[in-house]
Amino acid sequence: MDQKSLKDMFANYVNKKSIFQDKNLLTSVFKPSEIVHRNAQIQELASILAPCLRNTDLSNTFIYGGVGTGKTLVVKRVSQELENAARDAHVNLKIIYINCKMKKVADTEYRLLAELARNLGEVVPATGLPTDEVYNRFFKKLEDQEGTVILVLDEIDALVKKIGDNFLYNLTRVNSELQHTKVFVVGISNDLNFTEYLDARVRSSLSEEELIFPPYNAIELVDILLQRSKHGFSDSVLQEGVIQKCAALAAQEHGDARRALDLLRVSGEIAERSDSEHITTAHVDLAQQKIEKDRTVEAVKSQPKHAQILLSAILTLNKTSSGNIATGDVYTTYKTICNKIGLTSLTQRRISDLLSELDMLGIINARVISKGRYGRTRSISIDLSTHVQDQIDSFLKEKFY
DNA sequence: AGTCCACAGGAAGGGCAGGCGA
DNA sequence: TCGCCTGCCCTTCCTGTGGACT
């Protein structure tokens, strides 16, 4: 492109009518004024939490539901309204929301406690203190609140799977240590079977109330997308069937509203980039591919070095061998690559864990199978499109060779 | 029915970096 | 500065296991 046409391009861009009116409305971060198809859950949660306005005890509550079923949105909305009501009624209420999956923020017991304490105004160093000391500081700050404190722990299942339920046990017993403050926990989990991981005592004290968020069906997703697209897109850019297609695709994937919104927004971006005045169902197909590709490639790029080399080994084997690959083969190839690039290889035990992590991220499929006389192993495969595989492969080759 | 393979995956602990408090 | 504590990544050692083979 010569410089004149570049100038024209920018001029065109400025003058062209945008497909979007307010793209912000089409992100999952945006909090709509009305949460569609979640009235029942809002009412129920509000009625569970309302007693704190009369300084009456609350029940610890667990909220279950898949990704993108509106759990966090509903909890944040109810929290906000509850805090407003408490202020009007001159009741001391503090609600702390923490996402336990936030890397480097609340993904260990120490970090969670430190983050909770920080929310109450206590200064806690990132590391260095004994955990007991962080508990003490946190409890002291709680006591200073002299009212009700509600701890909302989002994605709590991820944290419990990582560090166990000890911290939950301590948090549920905190009320016996405090005189002026009452503490209640609202746990949010993506995993319906989460309580199986919990100690029986923790389970019974934490699950006094339970709230289930069912996945959205395609019709509900259509309503959500219509609500957002009304002011999110410019008038009449959406062609017939686009919203329905986004909703249908997202409904297939566990009724995930976040996914539906991403599809719709990315479809718009693709349409805009291709100079199209309308968004068509073909754009939705492209958006579906792009989201899948971006998600995987980004996941690969953020992996540690050895996991990337491991993936490189799997991709190499995937090209040469037909069918599934065994752990032993992967480990041998991985060691060869390490040798070639002058890196000390990790042990098979560690590689076993890295394989599990890649599996959890959905980059590879690893299934434990038994080959009878020939042992037990993971059967590893990659079901990414060849296009995505090539992109990952060239990224890894560029980085290591 | 028993054996045996090729791992899976749990437990314990080492070593390092970052940070606190005396 | 030193002792202590943390998270994190990793190794070592170990037990467990599904099912083909004998």
Side-chain angles (χ1 to χ4, degrees), chain A residues 98-118 121-141 153 155-156 158-168 170-171 193 196-199 299-314 317-318 321 323-339 341-361 363-381 400:
Chain A
I98 298 220
N99 186 330
C100 303
K101 220 177 171 180
M102 286 271 276
K103 280 251 175 195
K104 313 280 181 191
V105 175
D107 56 349
T108 66
E109 184 175 15
Y110 184 98
R111 284 176 176 166
L112 173 70
L113 287 169
E115 189 59 23
L116 287 169
R118 268 183 223 121
E122 177 72 29
V123 180
V124 183
T127 90
L129 295 181
T131 310
D132 285 356
E133 172 61 20
V134 187
Y135 266 112
N136 288 337
R137 291 192 189 186
F138 173 51
F139 286 179
K140 187 167 176 306
K141 274 289 171 185
L153 305 177
E155 311 226 30
I156 196 172
L159 187 57
V160 167
K161 278 176 205 165
K162 193 172 169 201
I163 64 167
D165 60 0
N166 199 33
F167 72 99
L168 278 176
N170 292 334
L171 284 181
N193 303 316
E196 284 172 18
Y197 299 97
L198 297 177
D199 181 286
V300 170
K301 284 183 179 171
S302 64
Q303 286 305 297
K305 193 164 58 185
H306 283 280
Q308 289 178 342
I309 297 170
L310 183 61
L311 189 59
S312 186
I314 296 169
L317 284 169
N318 194 45
S321 71
N324 292 349
I325 310 157
T327 309
D329 302 335
V330 173
Y331 187 60
T332 313
T333 312
Y334 157 81
K335 279 208 290 193
T336 313
I337 297 176
C338 282
N339 268 334
I341 61 178
L343 211 67
T344 315
S345 53
L346 302 177
T347 58
Q348 182 150 348
R349 178 67 189 86
R350 180 68 189 135
I351 290 303
S352 174
D353 282 344
L354 290 181
L355 282 173
S356 296
E357 282 169 35
L358 289 175
D359 183 30
M360 269 191 353
L361 287 167
I363 298 172
I364 62 169
N365 291 317
R367 199 163 40 92
V368 178
I369 56 158
S370 173
K371 292 192 284 183
R373 192 91 173 82
Y374 306 102
R376 239 159 74 94
T377 181
R378 278 198 183 90
S379 165
I380 299 160
S381 63
F400 295 113

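Convention: sequence-line order gives letters A, B, ...; per-chain numbering from 1.
When the side-chain nitrogen and oxygen atoms of A:T327 are compared with OP1 and OP2 of B:dA8, one or more of them lie within a distance under 4.0 Å. Between A:T347 and C:dC10 there is no side-chain polar atom (N or O) within less than 4.0 angstrom of OP1 or OP2.
To the nearest 0.5 angstrom, A:Y331 atom OH is 10.5 Å from A:L310 atom CG. Of the inter-residue distances, the one linking A:I380 atom CD1 with A:I364 atom CD1 reads 5.0 Å to the nearest 0.5 angstrom. We find the CZ-CG distance between A:F139 and A:L171 to be 7.0 Å, quoted to the nearest 0.5 Å.
Listed candidates were C:dT6, B:dA8, C:dC10. Nearest to the side chain of A:H306 is C:dC10. Closest to the side chain of A:R349, out of B:dC7, C:dG7, B:dA11, is B:dA11. Distance from the side chain of A:R350 is smallest to C:dC10 among C:dC10, C:dG18, B:dG9.
Rounded to whole angstrom, the span from the CZ atom of A:R111 across to the P atom of B:dG19 amounts to 11 Å. The separation between A:K305 atom NZ and C:dC8 atom C1' is 16 Å, rounded to whole Å. Put simply, NZ on A:K371 is 20 Å from P on C:dT17, counting in whole angstrom units. In this structure, CD1 of A:I325 is placed 13 Å from P of B:dC7, rounded to the nearest angstrom. The CG atom of A:L354 sits 10 Å away from the C1' atom of C:dC10 (whole-angstrom rounding). In this entry the distance linking CG of A:L112 with P of C:dG7 reads 11 Å, nearest Å. The distance between atom CD of A:Q348 and atom C1' of B:dC5, rounded to the nearest whole Å, is 13 Å. A:D353 places its CG atom 16 Å from the P atom of B:dC7, with the value rounded to the nearest Å.
Place A:G328 and A:R137 on DNA chain B by their nearest nucleotides, and A:G328 ends up nearer the 5' end.
One N or O donor and one acceptor, one from the side chain of A:R376 and one from the base of C:dT17, sit under 3.5 Å apart. Taking 3.5 Å as the limit, the base of C:dG18 and the side chain of A:R373 contain no donor-acceptor pair of atoms between them.
Here the side chain of A:Q308 pairs a donor or acceptor atom with the backbone of A:Q303 at under 3.5 angstrom.
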Decide side chain to side chain contact (heavy atoms under 4.5 Å, CB included) for A:I369 and A:T377; before the verdict, give the C-alpha distance in whole Å, the side-chain angles of both, and the deciding distance to 0.1 Å.
CA-CA 6 Å; A:I369 56 158; A:T377 181; 4.2 Å; yes

